[in-house]
Structures are given as structure tokens and as C-alpha cells.
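Quick notes on the structure that follows.
FYI, side chains are in, hydrogens and waters are out, and symmetry mates aren't considered; it's all heavy atoms of this structure. For reference, positions follow the sequence shown, starting with 1.
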Amino acid sequence: MSATSGISQPNKRHSIWWLKHNQASNSSNRAPTISNVAFDASKFNRMASNDGNVSSEGASPSDSPPPYQTEAIQDVDLTAGFKNLKLENGCSPLTADSCLAHLKLMFAIQQMKEEVGCKDGLWGLWDSTAGYHDSLSKNPLDKTTGSAGAENPQMSTAGSDLKDKDNDARLSLLSKIREKRWALFVARAVDRYEAWWEHLSKEFAVRPVDINARTSEFSYSDNSWNQSVLPTATLDWHEIWLPPLDVLMVWHTHMLNPRAFLEDCMRHRITTFWNNGIPWALIDKAIDNNTFTYNVSDACKRFWSRKTNRAWENEDDPMEKTLRCPNLKCFKMINIPWTTCQLPTSYVDDESTPIDFDGTGYGDDLNFSCQHCGAPINTDILTFFRFNVDRVLAIIEPSGSPIDLKDNSADSLLITRDMMLGMPKTTESRPMPGTLLHPKTGTPVLDTSLDDYLDVSFPRRFLVFTWQLTDKLKTIEKAQEKIPSSLRPTYHWRAVRPMARIALRKMMARYFQNHSMFALDLRSAIMRQGIFIQKMCQLDWLHSPMARDTMNRAIKRYHRFFAIINRYPGKLVVPTLDIDLVWHTYQLSPGEYYDFSIKHANYVFIDHDDKIESSTLNTQFEWTCKTYQSLYGEVYSQCTCWYCEVAENFHSSGEANLHPPDTNHISSHPSIKLIPAPGYKGSKGLGTPRSELLW
């Protein structure tokens with residue numbers, strides 16, 4: 001990818017010409033007005049389509065951009081805005097430089113995605129499976145030779161339409177093949193991230209937390225627990241600690257779910273790692289400014305492989321996932337292929353044998369059987385297995401032994417501990433997911449004298465009291481149904497505080513379609529985050545000649561955005577793209593973001609929800625626009641295209657309020673579309689083709 005990634009070559013040259021032309025105009029001491037500053041889109045488009053030869057009325061020769069010659073733009077360095085960034089490796093403050101470094105990282109991730117999707121043969125998925133096609137020629141390519149067919153002037157219109165439809169279908173199939181390659185890559189990246197996380201738990205763990213589930217009290221010998229949960233110290237990051245880019249991508253997405261990331265770090269006792277955040281200085285140095293390739297030393301690659309037992313490159317890891325059979329009567333090691341969608345290179349899709357992209361492998365829609373006992377293995381079974389692992393860890397005494405439940409399930413619990421986990425007797429207790437942060441404020445609840453602590457810790461106590469019931473459940477669906485409902489015969493429902501009920505439901509929600517060791521399904525989160533990354537690369541603020549000014553203005557608007565959150569705590573405040581970029585960047589320094597949020601949002605740790613339904617976003621965005629303009633006297637959604645950013649005094653003079661927003665609008669990446677009702681066909685002409693959206 002060139003330094004102008006995200007910009008076509010003609011548009012890049014025209015953008016540079018507009019920059020030079022504007023600078024020359026301003027040098028004549030003319031006061032900028034709407035007429036001489038506002039962007040003439042039609043004029044710009046005519047110049048782009050006419051290859052630089054402008055012939056519109058009123059256009060003088062001096063108004064024409066230079067011809068497309070490489071020599072004419074050699075003196076323009078599009079990387080100048082992010083060449084010498086001032087960054088830190090720990091607990092970084094929010095600056096324009098950190099925002100630019102974040103954009104640079106997203107460019108590297110987007111390039112990786114495009115390379116993976118277009119890598120023919122990866123995971124046994126071949127482009128030739130889609131058949132030969134030529135989306136640019138009038139006649140499709142010959143399917144037997146791959147060469148262009150001869151022109152047929154007598155071809156009927158109907159025949160041409162049929163060929164066009166066939167060609168479109170094959171292009172759509174090719175897009176699905178590339179989407180599948182990326183989906184498998186992401187699934188393997190999450191698995192590799194888990195291996196890195198386990199290494200971090202060993203290397204950076206703080207003093208352990210001992211939790212007695214029966215009494216729900218923290219066992220500690222001094223008053224330093226608050227500092228160990230939310231430390232102020234940071235790590236002295238070294239280059240050899242950097243993970244591969246695919247793992248860095250997963251880490252990036254994990255941190256963009258602030259409460260889930262904090263909870264996971266607390267559960268695995270790596271809160272110093274949480275406080276540190278992204279080592280921006282090292283990341284910036286590793287990513288090339290021109291090609292956006294990710295380069296680290298050989299020592300870094302060797303360190304990674306030694307500590308995680310994984311290859312540096314994602315595709316060099318084995319094509320099978322090794323794990324234990326979740327059937328306790330078997331519990332043997334098994335190998336599950338990552339995908340069952342591989343096809344021979346000679347296979348060509350047709351109506352009689354269509355391609356199945358679902359698959360049954362570990363990275364597909366998992367549906368497997370143990371090679372030893374024949375027990376079924378799917379996502380639901382693995383999720384229930386994870387639930388059992390977590391509940392055993394939650395009731396281990398400080399000595400490492402399970403508590404005495406004094407019923408018939410005690411023996412099965414001992415077997416569960418020894419067989420399911422293979423844990424030594426010194427294994428430390430670990431809280432259940434969703435039981436460390438206050439459901440409303442998102443902050444850790446550590447004072448055992450507070451009612452809030454009794455609410456948050458209630459699920460752990462409840463699991464002990466209902467262990468015999470829980471031990472009989474066979475699926476995660478039954479657990480999610482029976483555990484909350486069993487509260488009624490066990491306790492007086494009305495006697496349980498409402499926040500305690502929420503805490504119980506929150507704990508079970510952590511296991512909704514998620515069998516990973518984390519508080520959320522990172523595979524789906526990465527896919528959702530990919531939409532935002534693609535938008536950032538298309539807008540290409542990184543290469544804008546006014547990139548730093550754009551970022552500084554976005555930071556100012558972000559502070560106003562947070563002030564609205566604080567002023568209207570019951571409202572959903574929706575960010576624009578530039579504000580969302582700053583918001584994301586701050587979340588990548590979790591300790592700094594936590595302190596900022598607590599201070600400026602009435603002691604609430606503001607989460608970042610990327611699963612809000614799109615109609616709700618649209619309604620709340622309209623409210624946010626009106627509120628922002630009422631409070632600050634400025635239009636909320638302003639244009640931040642290159643030309644408007646370059647124009648002198650465009651924002652300060654108020655002209656931005658008169659310019660329609662072209663590149664700064666609602667940040668729609670968090671939205672999800674509801675599944676339409678049967679028979680719904682949608683609105684004709686609306687929506688983005690899937691191939692355009694992802695590739």
C-alpha cells in the first residue's frame with residue numbers, strides 16, 4: 001500500500017493541487033469569503049473526469065490543475081503530518097499525536113485485512129472456485145482458457161444481461177470467499193490472543209485475590225487492595241514484548257470495550273497491564289509510514305514464539321485446534337480442524353453443488369464429534385464447559401481446595417477440578433465474570449461494608465447455594481434459564497435487591513454465544529470494529545495536510561461530547577466520526593480514560609457499546625445534534641473533508657456551519673440491523689453491496 005492508501009491516484013493529485021491553489025490565493029491578502037473558499041464539488045468532479053483538462057464556463061487556464069505527471073507531486077510528502085510523533089509507551093495522555101498514531105495503526109490493520117482476503121489459496125480457499133469473470137469487459141472471460149472472448153456485435157440485449165448477471169454472481173461469490181478467509185484469520189487471531197493473555201497472566205500478575213464464595217469477602221492482609229486493582233504504575237515496555245499484528249488487532253478491539261477489558265484484567269490479575277495501555281511509541285516505530293507494514297526485530301519474534309508456543313505469522317500455526325473433550329468421562333486431547341470449507345483448485349461453483357461457507361470446523365459454525373468417545377462438540381457445549389470452569393474457580397478456597405459443599409456434589413466437584421482444569425492444589429480463586437464491576441457505574445466495588453458490594457457479589461454466593469441444581473444442568477441454555485428462575489424458590493424474590501438481580505443476569509449474559517475466556521465474543525467485536533476502521537481509511541485524515549489541526553479540533557469537540565454525557569446522564573449521546581476516533585484513542589490508554597471518565601461523568605466509568613440498534617442511534621443522534629448546537633452555538637456534524645480543513649479560517653469564521661457535512665456524520669459503526677421479518681424485501685436502491693462494504 002502506498003503512502004496515499006485510501007485515495008485514488010487522480011484524487012490525490014487533485015487534492016494536492018487544490019491545496020497549492022488555495023495557498024496561492026490566500027497569499028494575495030484577500031479575505032476569504034464563502035464564494036472563494038467554499039468547495040465547488042461539480043467543478044472538482046469535472047476536473048477529475050476530464051483528466052485535468054478543464055473546459056467549463058468561466059474557468060481560466062490558471063484554474064486548471066496540472067497534468068498527471070509524477071514529477072509535479074514529488075515534492076509533496078504526504079507522511080509529513082505523522083512522521084515525528086511525540087508518543088509514550090505507558091499511560092499516554094490524549095493528544096493529536098496519539099490520535100494520528102491510532103489512525104496509522106488502523107491503516108496497518110486494514111492493509112492486513114486486504115492482504116489476507118486476497119491471498120489466493122489461504123485456508124484452502126481458491127479464487128478459481130468462483131469461476132472466471134471479467135467485471136470490466138463486455139464479454140465474460142472464457143471459462144476454459146481464461147482469456148477474453150471475442151466481441152460479438154450480434155449479441156442480444158437479453159443474452160448480455162444474462163451474462164452480466166452471471167458475472168455479478170461470480171463477483172459476489174469471490175467476495176464471500178475473501179470474507180471467509182478473513183473470518184478464519186480473525187478466529188485464529190483470537191485464539192492466539194488467548195495464548196498471549198495466558199503468558200501475560202504469568203508475567204505481569206499482581207498480588208492474587210482470594211475470594212471466599214460462601215461469605216463473599218476479599219481476603220487480604222493490608223489496605224493496598226485498591227491500589228493493586230487500579231494501579232498508577234506502568235510497565236517499562238520493551239520492543240521484544242510486542243505481539244504480532246493480528247494479536248495487536250484483537251488487543252485493540254478488546255480495549256475498545258472498556259468495562260469488559262477492565263473486568264478481564266482484574267479477573268486474571270494483570271491490572272498493571274490494564275493501566276499501561278497501548279505502547280504507542282513502539283507501535284509507531286514498528287509501522288512503516290509509507291507501506292504500513294508491521295516490522296519488529298527477530299528477537300521479538302523469537303520471544304513471542306518461546307513464550308506462547310505459537311508461530312509469529314498467523315497462517316504458520318497448525319491447521320487444527322487442540323483441546324480437551326468436554327465430556328468428563330473422556331476428557332482426552334482432541335484435534336479439531338479450523339475449517340472444513342477447503343475445496344480443490346479444480347472445483348467451480350455451480351447450482352448443482354453450491355459452496356457451503358458455513359463449515360463445521362473450530363473457526364466455522366462448530367459441529368464436531370470427539371474422535372475417542374463420539375461426544376458432540378459445538379459452541380453451546382464449549383460455552384457450558386467454560387461456565388463450569390469458571391464456577392469451580394469461583395469457589396476455591398485460598399488453600400487451593402474446593403469448599404466443602406456438604407452434599408453429594410462435593411465428589412463430582414473434586415473430579416471436576418482435577419479433570420476439567422488439571423489444576424494443582426494451589427490454584428487460586430477467580431471471580432465469576434460480571435461480578436466485579438457495579439452494574440450501573442462500571443466501577444470496581446471493593447468495600448465489603450457497602451450494600452453495593454453485596455449486590456455485585458450476590459451471584460457468587462448464589463452459585464454455592466444452588467450448586468446441586470447447577471451441577472445437574474447439561475447446556476448453557478438451561479443454565480441461563482434455570483439459574484435466575486431458581487431464585488424464587490430459594491429466596492424471597494422481593495427480598496433480593498434489584499441491583500443484585502441485575503448482577504446475576506449480567507453474569508449469565510457473559511456466556512451468551514461466548515465460550516472464550518473473556519467477557520465478550522472478540523470475533524464478533526472485531527468484525528464490527530472493522531467497519532469503523534474501513535471508514536477511517538476511506539476518509540484518510542492521516543494524510544491530510546491539516547491532520548494535526550483536525551485532531552486538535554476533534555479533541556475539543558470530544559470534551560464537549562463528554563460534558564453532554566455528564567449533563568444528561570440518562571441520555572444516549574451519539575458521537576460523530578471524528579469524536580469517535582478520539583474516544584477510541586483515549587480508551588486505548590485505559591488508566592487515563594478511567595480517571596477522565598470518573599472525573600467528568602459523575603463517577604461513572606462510561607462504557608462503549610457497539611451493539612446499539614441503528615434506529616435508536618439515528619433518533620439519539622438527532623437529539624445530540626440539537627443539544628450540542630444549543631449549548632455551544634455550533635453545528636455538531638461539520639464537514640471535515642481535506643478542502644474544508646485546508647481552507648483558512650473555515651471553522652473559526654463560522655463557514656463550517658453553512659457547509660453541508662460531507663465527511664463527518666454519525667458514527668454508525670456501533671449500529672446493528674435487526675433481522676427483518678419473513679417476506680421483508682427492503683427498500684430498493686438502499687444499502688451498500690456486501691463486496692463494497694468489506695472489500
Item to check | Main-chain N/O of Ile240 paired to His238 side chain as donor or acceptor, under 3.5 Å | outcome: no

Item to check | Validation row, ring centre Trp274 to ring centre His254 under 6.0 Å | outcome: no

Checklist entry - Would Phe532 and Leu577 count as a side-chain contact (heavy atoms from CB on, under 4.5 Å) if you check the C-alpha gap in whole Å, the side-chain angles of each, and the deciding distance to 0.1 Å? => result CA-CA 9 Å; Phe532 180 78; Leu577 285 171; 4.0 Å; yes

Item to check | Close side-chain approach of Ile278 to Leu248, heavy-atom, < 4.5 Å | outcome: yes

Checklist entry - Do the charged groups of Asp120 and Arg181 touch, with an N to O distance under 4.0 Å? => result yes

Checklist entry - Do Thr291 and Asp288 get their side chains close enough for a donor-acceptor pair, meaning under 3.5 Å? => result yes

Item to check | Aromatic ring pairing His584/His608, orientation class (parallel under 30°, perpendicular over 60°, tilted between) | outcome: perpendicular

Checklist entry - Between His515 and Thr383, do the side chains contain an N or O donor and an N or O acceptor separated by less than 3.5 Å? => result no

Next on the checklist: Check the orientation of Phe273 and Trp237. Use parallel for under 30°, tilted for 30 to 60°, and perpendicular for over 60°.
Outcome noted: tilted

Checklist entry - Does Arg510 come within less than 4.0 Å of Asp390, counting only side-chain N to carboxylate O? => result no

Next on the checklist: Could you check whether any side-chain heavy atom of Leu103 comes within less than 4.5 Å of a side-chain heavy atom of Phe82, counting everything from C-beta outward?
Outcome noted: no

Item to check | Step-by-step side-chain contact (heavy atoms from CB on, under 4.5 Å) determination, Leu343 to Leu125 | outcome: CA-CA 6 Å; Leu343 291 170; Leu125 300 172; 5.9 Å; no

Checklist entry - What's the verdict on side-chain contact (heavy atoms from CB on, under 4.5 Å) for Cys300 and Trp312, showing C-alpha distance, side-chain angles and the deciding distance? => result CA-CA 9 Å; Cys300 178; Trp312 179 258; 4.0 Å; yes

Checklist entry - Is atom NZ of Lys119 surrounded by more than 12 heavy atoms (other residues, nucleotides or ligands) closer than 6.0 Å? => result no

Item to check | Electrostatic pair Arg188:Asp246 at N-O distance under 4.0 angstrom | outcome: no

Checklist entry - Is Glu203 salt-bridged to Lys307, cutoff N-O under 4.0 Å? => result yes

Item to check | Residues, nucleotides or ligands: over 12 heavy atoms within 6.0 Å of Lys506 NZ | outcome: yes

Checklist entry - Less than 4.0 Å between a side-chain N and a carboxylate O, is that true for Arg310 and Asp316? => result no

Checklist entry - Taking all non-hydrogen atoms of both residues, which atom of Leu522 and which atom of Val190 are closest, and how far apart? => result CB-CG2, 4.0 Å

Checklist entry - Where do Phe185 and Trp182 land on the ring-ring contact (aromatic ring centres under 6.0 Å, His included) test, with the steps shown first? => result CA-CA 5 Å; Phe185 184 88; Trp182 176 245; 5.4 Å; yes

Item to check | Any side-chain donor near an acceptor of the partner, Lys104 and Asn289, under 3.5 Å | outcome: yes

Next on the checklist: I'd like to check Ile381 versus Pro376 (side-chain heavy atoms, cut-off strictly below 4.5 Å). Are they in contact?
Outcome noted: yes

Checklist entry - Going by heavy atoms in the side chains, are Glu477 and Asp380 under 4.5 Å from each other? => result yes

Next on the checklist: Between Thr339 and Asp364, is there a side-chain donor-acceptor contact under 3.5 Å, judged purely by atom types and distance?
Outcome noted: yes

Next on the checklist: Assess the residue pair Trp251 and Trp196 against the criterion (ring-ring contact (aromatic ring centres under 6.0 Å, His included)); give the C-alpha distance rounded to whole Å, side-chain angles, the decisive distance to 0.1 Å, and a yes or no.
Outcome noted: CA-CA 10 Å; Trp251 183 23; Trp196 188 54; 5.2 Å; yes

Next on the checklist: Please check this pair: side chain of Thr253 against backbone of Met249, looking for a donor-acceptor N/O pair closer than 3.5 Å.
Outcome noted: yes

Checklist entry - Looking at OG1 of Thr616 and CG of Leu572, how far apart are the two atoms once the value is rounded to the nearest 0.5 Å? => result 7.5 Å

Next on the checklist: Is the shortest side-chain heavy-atom distance between Arg267 and Met517 below 4.5 Å?
Outcome noted: no

Next on the checklist: Aromatic contact between Tyr193 and Phe518, with the criterion being ring centroids under 6.0 Å apart: yes or no?
Outcome noted: yes

Item to check | Value rounded to 0.5 Å, distance of CD in Gln371 from CZ in Phe368 | outcome: 4.5 Å

Checklist entry - Are Ser516 and Glu194 linked by a side-chain donor-acceptor pair shorter than 3.5 Å? => result no

Next on the checklist: Can you confirm if the aromatic rings of Tyr593 and Phe605 lie within a centre distance of less than 6.0 Å?
Outcome noted: yes

Checklist entry - Do Asn378 and Thr360 pass the side-chain contact (heavy atoms from CB on, under 4.5 Å) test, and can you show the C-alpha distance, the side-chain angles, and the key distance before you say yes or no? => result CA-CA 9 Å; Asn378 54 43; Thr360 59; over 6 Å; no

Checklist entry - How about Tyr558 and Pro575: do any of their side-chain heavy atoms sit closer than 4.5 Å? => result no

Checklist entry - Is there a donor-acceptor contact under 3.5 Å linking the side chains of Asp521 and Ser524? => result yes

Checklist entry - Going by heavy atoms in the side chains, are His102 and Met536 under 4.5 Å from each other? => result no

Next on the checklist: I want to check something: taking the side chain as every heavy atom from C-beta on, are Ile336 and Ile377 in contact at a cut-off of under 4.5 Å?
Outcome noted: yes

